[in-house]
Amino acid sequence: MRNSCLRLVNNEIHIQADSLALGYWWQGKILPLALVNGWFVSHDKGTFSGGEWRILGRLDNQFFSGGEGIQPEDIESILNSHPDIKQSFVIPIADKEFGHRPVAVIESDNQQLVTSLSQWLNHRLAAFQRPIAYYLLSSMLIDNAGIKLSRRNIKQWLLQHHNDNQVD
């Protein structure tokens, strides 16, 4: 039996181990994992420092705004440090001038929080990282989520809500 191995390739974590899954269950069949030379490409952005691995977010979540790379998980981490926020999601919204802009969707019992978050974030995030709008997470999305909320479902809900309200 081979030991598990991890490596970084351009800040992306690759995994090689006997314990890797056979694949993904899809419509009654197992779709094999896509391996590159025997390595599973995780799409997780990571670092290895001080003898520890750290996952920084999903590379497929990253987007660009005005030429700056934005990792939503970096902004979400700051948002989640607010005492009134249970969880947050940062979603890119298309923008003619910047390409995309971040919008925050938060779960909170404080209904008024969306009006004060911008000021709270002012000294915590760079200007290009600050969301241009804030929305409370729909209870419908929470109730239908199961174990984990789908970022894709949140984005679909947000696009409808954001377009309806023209918050730009």
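- Aromatic ring pairs are classed by plane angle as parallel below 30°, tilted from 30° to 60° and perpendicular above 60°; the pair Tyr135 and Trp157 is perpendicular.
- Glu52 places no side-chain N or O within 3.5 Å of a backbone atom of Ser49 that could act as its donor or acceptor partner.
- Under the side chain to side chain contact (heavy atoms under 4.5 Å, CB included) test applied with Trp53, the options Thr47, Leu8, Asp44 reduce to a single match, Leu8.
- Under the 4.5 Å side-chain criterion, counting only non-hydrogen atoms from C-beta, Leu159 is in contact with Ile93.
- Going from atom CD of Gln62 over to atom CD of Glu73 covers 9.5 Å, rounded to the nearest 0.5 Å.
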> What do the steps show when you test His14 against Phe40 for side-chain contact (heavy atoms from CB on, under 4.5 Å), and what is the final call?
Replying inline: CA-CA 5 Å; His14 291 192; Phe40 174 68; over 6 Å; no
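- Here the rule is side chain to side chain contact (heavy atoms under 4.5 Å, CB included) with Lys45, and of Gln71, Glu12, Arg54, Arg58 only Gln71 fits it.
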> Given Gln156 and Asn153, is the side-chain contact (heavy atoms from CB on, under 4.5 Å) satisfied, shown in steps?
Replying inline: CA-CA 5 Å; Gln156 288 173 346; Asn153 290 347; 3.8 Å; yes
> So Leu121 and Gln129, side-chain contact (heavy atoms from CB on, under 4.5 Å) or not? Walk me through it.
Replying inline: CA-CA 10 Å; Leu121 286 172; Gln129 292 177 306; over 6 Å; no
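- Every salt bridge (charged side-chain N to carboxylate O under 4.0 Å, His left out) that Arg151 has, sequence neighbours left out, goes to Glu76.
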Side-chain polar contacts of residues 111-118 - donor-acceptor pairs under 3.5 angstrom, sequence neighbours left out - could you list them?
| unit_1 | atom_1 | unit_2 | atom_2 | d |
| --- | --- | --- | --- | --- |
| Thr115 | OG1 | Gln112 | O | 2.6 |
| Ser116 | OG | Leu113 | O | 3.3 |

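- Rounding to the nearest 0.5 Å places CZ of Arg101 at 14.5 Å from NZ of Lys96.
- When the shell of 6.0 Å around OH of Tyr24 is examined, it contains 12 or fewer heavy atoms from other residues, nucleotides or ligands.
- Leu22 CG to Leu31 CG: the interatomic distance, rounded to the nearest 0.5 Å, is 12.0 Å.
- Ser108 places a side-chain N or O within donor-acceptor distance of the main-chain N or O of Asp84, the cut-off being under 3.5 Å.
- Within the structure, ring-ring contact (aromatic ring centres under 6.0 Å, His included) contacts touching residues 85-117 (residues at least two apart or in different chains) do not occur.
- Cluster annotation: Leu20 is not connected to Ile30 through the hydrophobic network of ILVMFWY side chains, with a link wherever side-chain heavy atoms come within less than 4.5 Å.
- Of the inter-residue distances, the one linking Leu125 atom CG with Asp74 atom CG reads 9.0 Å to the nearest 0.5 angstrom.
- A heavy-atom distance below 4.5 Å is not found between the side chains of Phe64 and Ile70.
- The aromatic rings of Trp120 and His82 sit perpendicular, their planes meeting at an angle over 60°, well past the 30° parallel limit.
- Side-chain contact between Gln87 and Leu149 is present, with at least one heavy-atom pair separated by less than 4.5 Å.
- Looking only at distances, no side-chain donor or acceptor of Gln16 sits under 3.5 Å from a matching main-chain atom of Ser4.
- Among the candidates Ile142, Ile85, Ile106, the single residue satisfying the side chain to side chain contact (heavy atoms under 4.5 Å, CB included) test with Leu137 is Ile142.
- Of the possible donor and acceptor atoms, none in the side chain of Ser88 sits under 3.5 Å from a partner among the backbone N and O of Leu79.
- Cluster annotation: Phe128 is connected to Val90 through the hydrophobic network of ILVMFWY side chains, with a link wherever side-chain heavy atoms come within less than 4.5 Å.
- Taken from CD1 in Ile13 to CD1 in Ile55, the straight-line distance is 4.5 Å, to the nearest 0.5 Å.
- Taking hydrophobic clusters as Ile, Leu, Val, Met, Phe, Trp and Tyr residues chained together by side-chain heavy-atom distances below 4.5 Å, Val105 shares a cluster with Leu141.
- How far CG of Leu33 is from OG of Ser42: 11.5 Å, rounded to the nearest 0.5 Å.
- Residues Val9 and Val36 are not in side-chain contact: their nearest non-hydrogen atoms beyond the backbone lie 4.5 Å or more apart.
- Side-chain atoms of Arg130 do not come within 3.5 Å of backbone N or O of Pro102 as any donor-acceptor pair.
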